[in-house]
Enquirer: 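Before anything else, here's the structure in question.
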Amino acid sequence: MSEQNCKSCGQPVTGNFCVECGEKISNKRLTLKDVFADFMSNLFELEFPLLNTVKGLTLRPGVLCREYMNGKRKPYSRPFQYYLVTLAIFYLFFLASGLKVSDYSMGFTPEFAEGEAGNSARELEQRIYDVMNRYSRLLQTVLIPITALFSWLVFKKFGY
C-alpha cells in the first residue's frame, strides 16, 4: 500500500491502520452493508464520539457531514447509532412527561366559521389528530426512508 495521510489525524500511514489514532484506512465507498455492520458491532458504544457528533451537528453540521463522508469517521458516532440514541431520548421525554402529539398541536388549530362546515372541519381535524396520536411512532418511522430518498436525490449530483 502506498504511503498516504490519515484523514482523522493527518499523520502519514503506510499500513491498514493509523499508528497515531488507530483508524482503519479505507478508500472504498460506504455501502448499506457497511453501515449495518457498523451499527450491529457498535450499537451501545457511547463514548466521546457521541459528544463530538452532537457538538459538530449543532455548531457546524455541514463540516461534520463532509468530514464523515470523506473518511474522517473515528471522532464521530455512526449515523444510525446517533439516530437511535436521539430517538430513545425523544421517546423517553414524551413517556416521562405524559405528553401526546395532540396535546401540543391542538393549541395551534385555527378558528373555523360556525355552522355545518365548521363542525365537519372540526370533526375531520379531530380524526386526524386521533390517527396521528395513535400511530405517531409508525408515522415517524415511515418518514425515515422517505427522508433518505429525498436526501439521496438532493445529494446525488455530488456523488454521495
Enquirer: Looking at residues at least two apart in the chain, or sitting in another chain, which of them share a side-chain contact (heavy atoms from CB on, under 4.5 Å) with Y91?
Expert: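 Y91: side-chain contact (heavy atoms from CB on, under 4.5 Å) contacts with L87, R137, Q140.
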Enquirer: Could you work out, with side-chain contact (heavy atoms from CB on, under 4.5 Å) as the rule, every residue matching C65, not counting sequence neighbours?
Expert: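 Here no residue qualifies.
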Enquirer: Could you tell me whether the side chain of N52 and the main chain of P75 form a donor-acceptor pair under 3.5 Å?
Expert: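 Confirmed, N52 side chain pairs with P75 backbone.
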Enquirer: Ignoring hydrogens, what is the shortest heavy-atom contact between R73 and M69? Give both atom names and the distance.
Expert: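 Taking every non-hydrogen atom into account, NH2-O, 3.9 Å.
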Enquirer: Kindly work out whether a path of hydrophobic side-chain contacts (I/L/V/M/F/W/Y, heavy atoms less than 4.5 Å apart) joins I146 to L149.
Expert: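 Linked, I146 and L149 end up in one cluster.
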Enquirer: Side-chain contact test, heavy atoms from C-beta onward, threshold under 4.5 Å: evaluate it for V35 versus T31 and give yes or no.
Expert: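 Sidechains of T31 and V35: no contact.
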Enquirer: Kindly give the heavy-atom pair with the smallest separation between Y68 and P79, and that separation in Å.
Expert: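 Of all heavy-atom pairs spanning Y68 and P79, the closest is OH-CD, 3.2 Å.
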Enquirer: Donor-acceptor pair, distance only, cut-off 3.5 Å: does the side chain of T53 make one with the backbone of Y76?
Expert: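 A pair under 3.5 Å: no.
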Enquirer: Which residues pass the side-chain hydrogen bond (donor to acceptor under 3.5 Å, both in side chains) test with Y82, not counting sequence neighbours?
Expert: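 Partners of Y82 under the side-chain hydrogen bond (donor to acceptor under 3.5 Å, both in side chains) test: none.
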Enquirer: Which residues satisfy the side-chain hydrogen bond (donor to acceptor under 3.5 Å, both in side chains) test with T147, sequence neighbours excluded?
Expert: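 Scan of T147 (side-chain hydrogen bond (donor to acceptor under 3.5 Å, both in side chains), adjacent residues dropped) gives none.
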Enquirer: Considering non-hydrogen atoms only, spot the tightest contact between I144 and Y83 and give its length.
Expert: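 Reported closest heavy-atom pair: CD1-OH, 2.6 Å.
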Enquirer: Sequence neighbours left out, what passes side-chain contact (heavy atoms from CB on, under 4.5 Å) with V19? Give chain and number order.
Expert: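 In terms of side-chain contact (heavy atoms from CB on, under 4.5 Å), with neighbours along the sequence ignored, V19 is linked to no residue.
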Enquirer: I'd like to check R60 versus R66 (side-chain heavy atoms, cut-off strictly below 4.5 Å). Are they in contact?
Expert: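 A side-chain contact under 4.5 Å is absent here.
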Enquirer: Can you tell me how far apart CG (L138) and CE (M132) are? Round to the nearest 0.5 Å.
Expert: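 L138 atom CG to M132 atom CE measures 12.5 Å (nearest 0.5 Å).
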Enquirer: State yes or no: do W152 and L32 share one hydrophobic cluster built from I, L, V, M, F, W and Y residues joined by side-chain heavy-atom distances below 4.5 Å, directly or via other members?
Expert: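 Unlinked, W152 and L32 end up in two clusters.
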Enquirer: Checking K55 now: which residues fulfil side-chain contact (heavy atoms from CB on, under 4.5 Å) with it, not counting sequence neighbours?
Expert: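 For K55 the side-chain contact (heavy atoms from CB on, under 4.5 Å) partners, ignoring immediate neighbours, are L59.
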